[in-house]
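Reviewing the structure listed below.
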Number of protein chains: 2
Amino acid sequence: MKYYSPSETAERTGFSLDTLRYYERIGLLDSVHRASSGHRRFTDDDIGWLGTLSCLRNTGMPIVEMRRFAELCREGDHTMGERIALLEEHDARVSEEIAGMRDRQAYIRNKVKWYREVAAPAASASASV
Amino acid sequence: MKYYSPSETAERTGFSLDTLRYYERIGLLDSVHRASSGHRRFTDDDIGWLGTLSCLRNTGMPIVEMRRFAELCREGDHTMGERIALLEEHDARVSEEIAGMRDRQAYIRNKVKWYREVAAPAASASASV
DNA sequence: GCTTGACCTGGAGCGCGCTCCAGGTTGCAC
DNA sequence: GTGCAACCTGGAGCGCGCTCCAGGTCAAGC
């Protein structure tokens, strides 16, 4: 079985060393292997799981909910339904978030357009906001 | 000229009273009118500006950059170019953010799909992640 | 055997963006 | 004129998610 050192894992997952330790500490990573020296040894499974965590985190899932998800995963296959529910709720929130971002982006683009119209044609007399 | 009380402004903009005061304090709101009592009186312009701030904030612009933008607005029409540049850079970041969210959302949906395949057909023997 | 660097642990500290608090004033309703 | 709610100010505190630190261990190279 292939093992990865903490620094290699950090590099592969995009998490910092401290964050990897932190995630283990708070229960997002369960029972990370140790070398006889006590040094962490991450597996491909760990890397994969960290990828999932990264994805959830970067879509705005709060840590406490990721912990809940991790817990469900640890509890076994009978929690599939709950896991699906959790992810689908999150998915819905992500959709809302994206929709909101789009709307706000449109607002910003409009503002830029308006600025261009005011700014370009002539040093017009009107005030600016 | 129409004036709005702090609480009415909070209601209209979605910002809390404390946030309105905070934004004024750090220079995101400039020279808010006062009643003789010292109470703030917001104008329609203020409300509009707060809408812009809300939009920028909710698309992830950090406060320090909003301050820069506010400063440019205060400096007058000759800063139009810089304002446009700032907003367009932000717009680009928002686009990236949205694209990233979409990708991650696809990952999550895939995961759900996979869960459904594993969970539904039979209480299969394989482990879960 | 000594250095060097990657790693360990427990716990403190930090940056951001608010949010809350104490102690006081204002102004409307009764 | 007494309540009461809304507001004021300056400054402290907080929640989140890390990030840093001190003091120590381990393993490999010279």
Side-chain angles (χ1 to χ4, degrees), chain A residues 3-43 46-47 49-50 52-71 90 93 97 100 104, chain B residues 3-43 46-47 49-50 52-71 90 93 97 100 104:
Chain A
Y3 287 115
Y4 303 90
S5 72
S7 61
E8 195 172 355
T9 307
E11 206 172 327
R12 278 169 185 262
T13 62
F15 289 117
S16 73
L17 293 171
D18 270 315
T19 300
L20 291 174
R21 290 194 271 260
Y22 169 65
Y23 277 11
E24 185 181 1
R25 194 148 46 171
I26 65 173
L28 283 181
L29 286 168
D30 198 33
S31 62
V32 175
H33 291 227
R34 303 295 162 120
S36 58
S37 61
H39 293 191
R40 289 171 180 79
R41 291 292 171 254
F42 295 90
T43 64
D46 290 329
I47 303 264
W49 172 240
L50 284 165
T52 299
L53 290 182
S54 166
C55 174
L56 296 177
R57 193 72 205 81
N58 288 321
T59 45
M61 183 180 286
I63 295 272
V64 65
E65 197 170 337
M66 287 167 53
R67 271 165 87 163
R68 173 75 185 133
F69 184 62
E71 199 186 316
H90 182 59
R93 285 194 302 265
E97 174 69 14
R104 291 177 209 117
Chain B
Y3 287 115
Y4 304 91
S5 72
S7 61
E8 194 172 357
T9 307
E11 206 173 325
R12 277 169 185 262
T13 62
F15 288 118
S16 73
L17 292 171
D18 270 316
T19 300
L20 291 174
R21 291 195 270 259
Y22 170 64
Y23 277 10
E24 185 181 2
R25 192 147 49 170
I26 65 173
L28 284 181
L29 286 168
D30 199 32
S31 62
V32 175
H33 291 226
R34 302 295 161 120
S36 58
S37 62
H39 293 190
R40 290 173 180 79
R41 292 291 172 252
F42 295 90
T43 65
D46 290 329
I47 304 263
W49 171 241
L50 283 164
T52 300
L53 290 182
S54 165
C55 175
L56 296 177
R57 192 73 205 82
N58 289 320
T59 44
M61 183 181 285
I63 295 273
V64 66
E65 197 170 338
M66 288 167 53
R67 270 165 86 162
R68 173 74 186 134
F69 184 62
E71 200 185 317
H90 182 60
R93 285 195 303 265
E97 174 71 14
R104 291 178 209 115

* Asked: Do you know the tightest heavy-atom contact between G60(B) and H90(B)?
  -> C-CE1, 4.2 Å
* **Earlier contact from the 5' end, DNA chain D, for S36(A) and F15(A)** => F15(A)
* Is any N or O donor-acceptor pair between the side chain of R21(B) and the base of dG10(D) shorter than 3.5 Å? -> no
Examine [N]: is either OP1 or OP2 under 4.0 Å from a nitrogen or oxygen in the side chain of [X]? Give yes or no.
X      : N       : value
Y23(A) : dC18(D) : yes
S37(B) : dG27(C) : yes
S16(B) : dC18(C) : no

Nearest to side-chain heavy atoms of [X], which nucleotide of [options]:
X      : options                   : answer
H39(B) : dC8(D), dG17(C), dC7(C)   : dC8(D)
I63(B) : dC7(C), dC18(D), dG17(C)  : dG17(C)
T19(A) : dG17(D), dC18(D), dG17(C) : dC18(D)
S5(B)  : dC7(D), dC8(C), dC18(C)   : dC7(D)

Roughly how many Å is it from [atom1] in [X] to [atom2] in [N], rounded to a whole number?
X      : N       : atom1 : atom2 : answer
E11(A) : dC7(C)  : CD    : P     : 11 Å
M66(B) : dC18(C) : CE    : C1'   : 12 Å
R25(B) : dC20(C) : CZ    : P     : 14 Å
E8(A)  : dG5(C)  : CD    : P     : 20 Å
I26(A) : dC18(D) : CD1   : P     : 8 Å
N58(B) : dC18(C) : CG    : C1'   : 13 Å
R57(B) : dG17(C) : CZ    : P     : 5 Å
R40(A) : dC26(D) : CZ    : P     : 15 Å

* Are R68(B) and E71(B) within salt-bridge range, i.e. N to O under 4.0 Å? -> yes
* Charged N to carboxylate O under 4.0 angstrom, E24(B) versus R34(B)? -> yes
* Determine the contact category for R34(A): base if any of its heavy atoms lies under 4.0 Å from a base atom, sugar-phosphate if only primed atoms, P, OP1 or OP2 are that close, otherwise nothing. => sugar-phosphate
* How many angstroms lie between CG in L50(A) and CZ in F42(A), if you round to the nearest 0.5 Å? -> 6.5 Å
* If the plane angle is over 60° it's perpendicular, under 30° parallel, otherwise tilted; pick one for H33(B) and Y3(B). => tilted
* Select from A35(B) and D18(A) the residue whose nearest nucleotide in DNA chain C is closer to the 5' end of that strand. => D18(A)
